[in-house]
Amino acid sequence: MSSLELYDTRSRSVNSFVPLKKGEVSIYLCGATVQAPPHIGHIRSGVNFDILRRWLTKSGYNVTFIRNVTDIDDKILQKSVTEKMPWWALAQKYERTFSQAYESLNVLPPTYEPRATGHITQMIDLMATLIQRGAAYAPGNGDVYLEVRKLTSYLTLSRQKLDDLLPADDAEEKFKKDPRDFALWKGAKAGEPSWPTPWGPGRPGWHLECSAMAHAYLGESFDIHGGGLDLIFPHHENEIAQSESAGYGFARSWMHNAWVTTSGEKMSKSLGNSLQVTELLKHVRGIELRWYLGSAHYRSMLEFSPAALEESATSFRRIESFLHRATEIIGHIPTPKYSKAFADAMNNDLAVPQGLALIAESLRLGNSAITAEDKKTIENSANEIRGALEVLGCDPFDPSFGLSQSGDLTAALDGTIQLALAQRAAARDRKDFAASDAIRDGLSALGITIEDTPQGPRWSVSHTEER
RNA sequence: GGUCGGGUGGCCGAGAGGCGAGGCAAGGGACUGCAAAUCCCUCUACACGGGUUCAAAUCCCGUCCCGACCUCCA
């Protein structure tokens, strides 16, 4: 089997993945700033990195996966005014919406999910280190800045030149040695939350929390730092600046997921509710939304449209339907075993689209085998498909999707439907097709689909929007 | 202005010098009482203009268009 290669944003190249510690992988993913409910762009990031994590785990690594929650920042404070609730209540409210969205899409909970406000002590320690090392300064207004001119490696992730940047137009600029210096810490303003520090009361700037928390949970160096493309600058540059100035090795490689776009444009919060996860889950199931979000390569833009989502869901249901039929024929749930070709695709910088083509091939073979009543091929195909779906987090047999039926109820339902099917069979035998079709239509209206197969009729619960 | 992505068939979406990924949709066929499901077949591509090469969607030059970041961003 090939070995894993991943694209690294900093070197702009695909490299062999070699972890810091043999058999272990440490990942820090920038999670949500909890100031609004998630739209599918936010969750795509979660799904993409969840696939990475699952693949690493399948490949035999012990993965430590940190995804933070930024629960204090300018936007949260602004929204607490407009939504008329305390900033901490607002943050908690939206954090829950993110958690629910992740759960609906079967994004595994991180190993640890630290909140910024729980790590003020670590942030103060980090600032003290930075000031002591001469990298940061506190001009006396309560702010603490990082002095970017002193850094030789600043902006190496985004490959920009300091002098080419448009300078920020902060009100505090007079306290900065250079207008491009950024705030590690913001001095307290009236009505805003603050924490005491040696430099006066204040609150964290945007970037400090990630450096502090990555250090707290992953140590001075770790394997992979991830996030959305738009975090490259300034957020990740500033994390690098803070952490490297403190003497840490920090992230050895960087991975960034692309956006979900609409009409070629990046999603923004001004688009309203239609692209929120909860809204889309009214039209497709979580497993289908996940399948859609994971289907494009993580570094490619995904062009959203309701039709594209619906088509993707249709395509997933075909696969799912095969797995259920295969289960009935082979007499047990397929054993997940992804193919070598699938592993090669995943090892190639997570080439999920190639993996999907392989699933389609297995599906065709498997369906043909059902017609040919070739049990061995049916089982092989089903095993390979389930193995691949498991890596993608889209295994229909995964109880996380809430599909674990309560056995008694299923048996009762099956018995009831079998009664109806017996009536239908009798009607068909006497060529009373009006009666037999009425039974099928009646069941269909209840969301039960009847299909006639060479092995007799089978029923399934339909998942289409018409249900 | 600086930095960075794109433009592939009706739609989504891979590929990155040589055999037309794949899916969805569409048309035809097989199967079926009819459906559904499934299988088989078919069709429509690489923004434009040059160049390099035996060979270019892929490399180079130019042009047009779209988008992202430049201290709120997944």
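So you know, we letter chains A, B, ... as the sequences are listed, proteins then strands, and number each from 1.
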- Parallel under 30°, tilted from 30 to 60°, perpendicular over 60°: which one fits the rings of A/Phe222 and A/Tyr28? tilted
- What one should report as the nearest heavy-atom pair of A/Cys394 and A/Phe316 is O-CZ, 3.6 Å
- Note on the structure: Rounded to whole Å, the CZ-C1' distance (A/Phe182 to B/rC70) equals 15 Å
- Task: Can you check each nucleotide of nucleotides 41-46 of chain B against protein heavy atoms at under 4.0 Å and return B for base, S for sugar-phosphate only, - for none, in 5' to 3' order?
- Result: ------
- Message: Suppose you measure atom C1' in B/rC69 against the same atom in B/rA74; what distance do you get, rounded to whole Å?
- Response: 14 Å
- Query: Looking at A/Tyr7, does the NZ or CZ of A/Arg299 lie under 6.0 angstrom from its six-membered ring centre and within 45 degrees of the ring axis?
  - Reply: yes
- Task: Quote, to the nearest angstrom, the C1' distance that separates B/rA45 from B/rG9.
- Result: 4 Å
Atom pairs under 3.5 Å, N or O on each side, protein against nucleotides 28-31 of chain B: can you list them with distances?
none

- Are A/Trp55 and A/Tyr338 close enough that their ring centres sit under 6.0 Å apart? yes
- Base, sugar-phosphate alone, or nothing: which one does A/Gly41 contact when heavy atoms must sit under 4.0 Å apart? base
- Task: Answer yes if the ring centres of A/Phe182 and A/His235 are under 6.0 angstrom apart, and no otherwise.
- Result: no
- Return the set of residues passing side-chain contact (heavy atoms from CB on, under 4.5 Å) with A/Glu103 (not counting sequence neighbours), or none when no residue passes. none
- Message: Tell me the interatomic distance from A/Asp230, atom CG, to B/rA68, atom P, rounded to whole angstroms.
- Response: 11 Å
- Query: Roughly how far apart, to the nearest Å, are B/rC46 and B/rG28 at atom P?
  - Reply: 27 Å
- Query: Which parts of nucleotides 2-12 of chain B does protein reach within less than 4.0 Å, heavy atoms only, written one letter per nucleotide 5' to 3' as B for base, S for sugar-phosphate only and - for none?
  - Reply: BSS------BS
- Query: Taking only residues two or more places apart in sequence or in another chain, which ones pass salt bridge (charged side-chain N to carboxylate O under 4.0 Å, His left out) with A/Glu265?
  - Reply: none
- Message: Output the rounded distance in Å from CG (A/Leu231) to P (B/rU71).
- Response: 15 Å
- Message: Applying salt bridge (charged side-chain N to carboxylate O under 4.0 Å, His left out), can you list everything that pairs with A/Glu83, at least two apart in sequence or on another chain?
- Response: A/Lys79, A/Lys93
- May I ask you to verify if any side-chain N or O of A/Asn257 is less than 4.0 angstrom from the OP1 or OP2 atom of B/rA74? no
- Under 4.0 Å: is that the gap between some side-chain N or O of A/Arg318 and OP1 or OP2 of B/rU38? yes
- Query: Do you know which two heavy atoms are closest between A/Val63 and A/Thr111, and how far apart they sit?
  - Reply: O-OG1, 3.8 Å
- Judged by modelled atom types alone, do A/His256 and A/His236 share a side-chain donor-acceptor pair under 3.5 Å? yes
- Note on the structure: Taking B/rC24, B/rA74, B/rU71 as options, the one with an atom nearest any side-chain atom of A/Ser315 is B/rC24
- Is a side-chain donor-acceptor pair under 3.5 Å present for A/Glu288 with A/Ser312? no
- Message: I'd like to check the side-chain contact (heavy atoms from CB on, under 4.5 Å) partners of A/Ser211; sequence neighbours left out, ordered by chain and number.
- Response: A/Leu126, A/Glu239, A/Gln242, A/Ser243, A/Phe250
- Message: If we count only N and O atoms by modelled type, under 3.5 Å, do the side chains of A/Arg318 and A/Thr314 hold a donor and an acceptor together?
- Response: no
- Note on the structure: Taken to the nearest whole Å, CG/A/Leu157 to P/B/rA68 is 20 Å
- What pairs with A/Glu390 under side-chain contact (heavy atoms from CB on, under 4.5 Å), at least two apart in sequence or on another chain? A/Lys58, A/Pro336, A/Asp395
Can you name the atoms? Protein N/O to nucleotides 32-34 of chain B N/O, anything below 3.5 Å, with the distance.
residue	atom	partner	partner atom	Å
B/rG33	N7	A/Arg428	NH2	3.3
B/rG33	O6	A/Arg428	NE	3.3
B/rG33	N1	A/Asp437	OD1	3.0
B/rG33	N2	A/Asp437	OD2	2.9
B/rC34	O2	A/Arg440	NH2	2.8
B/rC34	N3	A/Arg440	NH1	3.1
B/rC34	N3	A/Arg440	NH2	3.3
B/rC34	N4	A/Asp452	OD2	3.2

- Judged by modelled atom types alone, do A/Asp50 and A/Tyr102 share a side-chain donor-acceptor pair under 3.5 Å? no
- Atom P, compared across B/rC31 and B/rA25: separation rounded to whole Å: 23 Å
- For nucleotides B/rC40 and B/rC34, find the distance between their P atoms and express it as a whole number of Å. 22 Å
- Please give, in whole Å, the distance from B/rG13 P to A/Leu293 CG? 12 Å
- Message: The side chain of A/His207 is closest to which nucleotide in this list: B/rU71, B/rG23, B/rA37?
- Response: B/rU71
- Query: Judged by modelled atom types alone, do A/Asp414 and A/Gln418 share a side-chain donor-acceptor pair under 3.5 Å?
  - Reply: yes
- Query: Parallel, tilted or perpendicular: which describes the rings of A/Phe304 and A/Tyr292, with under 30° parallel and over 60° perpendicular?
  - Reply: perpendicular
- Query: Within this structure, what is the CG-to-C1' distance between A/Leu356 and B/rA21, rounded to whole angstrom?
  - Reply: 11 Å
- Would you say the side-chain atoms of A/Ser381 pair up with the backbone N or O of A/Leu363, donor to acceptor, closer than 3.5 Å? no
Find every protein N or O atom lying less than 3.5 Å from an N or O atom of nucleotides 15-19 of chain B, and list the pairs.
none

- Message: B/rG23, OP1 or OP2 - any side-chain N/O from A/Arg364 closer than 4.0 Å?
- Response: no
- Query: Between A/Tyr137 and A/Asp181, is any side-chain donor less than 3.5 angstrom from a side-chain acceptor?
  - Reply: yes
- Query: Can you list the residues that meet the side-chain contact (heavy atoms from CB on, under 4.5 Å) rule with A/Thr117, with sequence neighbours excluded?
  - Reply: A/Asp71, A/Ile72, A/Trp87, A/Arg115, A/Trp195
- Item | Most 5' of A/Leu358 and A/Gly31 on RNA chain B, judged by nearest nucleotide | A/Leu358
- Just how far, in rounded Å, is P of B/rA74 from CG of A/Leu275? 15 Å
- Message: Using atom C1' in both nucleotides, what's the gap between B/rC72 and B/rA57 to the nearest angstrom?
- Response: 39 Å
- Task: Could you state the atom-to-atom distance from CE of A/Met346 to P of B/rA14 in whole Å?
- Result: 14 Å
- Message: Work out how far the P atom of B/rG20 is from that of B/rG13, and round it to whole angstrom.
- Response: 23 Å
- Item | Residue mapping more 5' on RNA chain B - nearest nucleotide basis, A/Glu361 or A/Asn367 | A/Glu361
- Message: With rounding to the closest Å, how many angstrom separate the P atoms on B/rU8 and B/rC48?
- Response: 10 Å
- A/Asn257 side chain to A/Ser45 side chain, donor-acceptor N/O pair below 3.5 angstrom: yes
- Query: Want to know the stems of RNA chain B: at least 3 consecutive Watson-Crick or G-U pairs with distances under 3.5 Å, which are they?
  - Reply: B:1-7 with B:64-70, B:10-12 with B:22-24, B:26-30 with B:38-42, B:47-51 with B:59-63
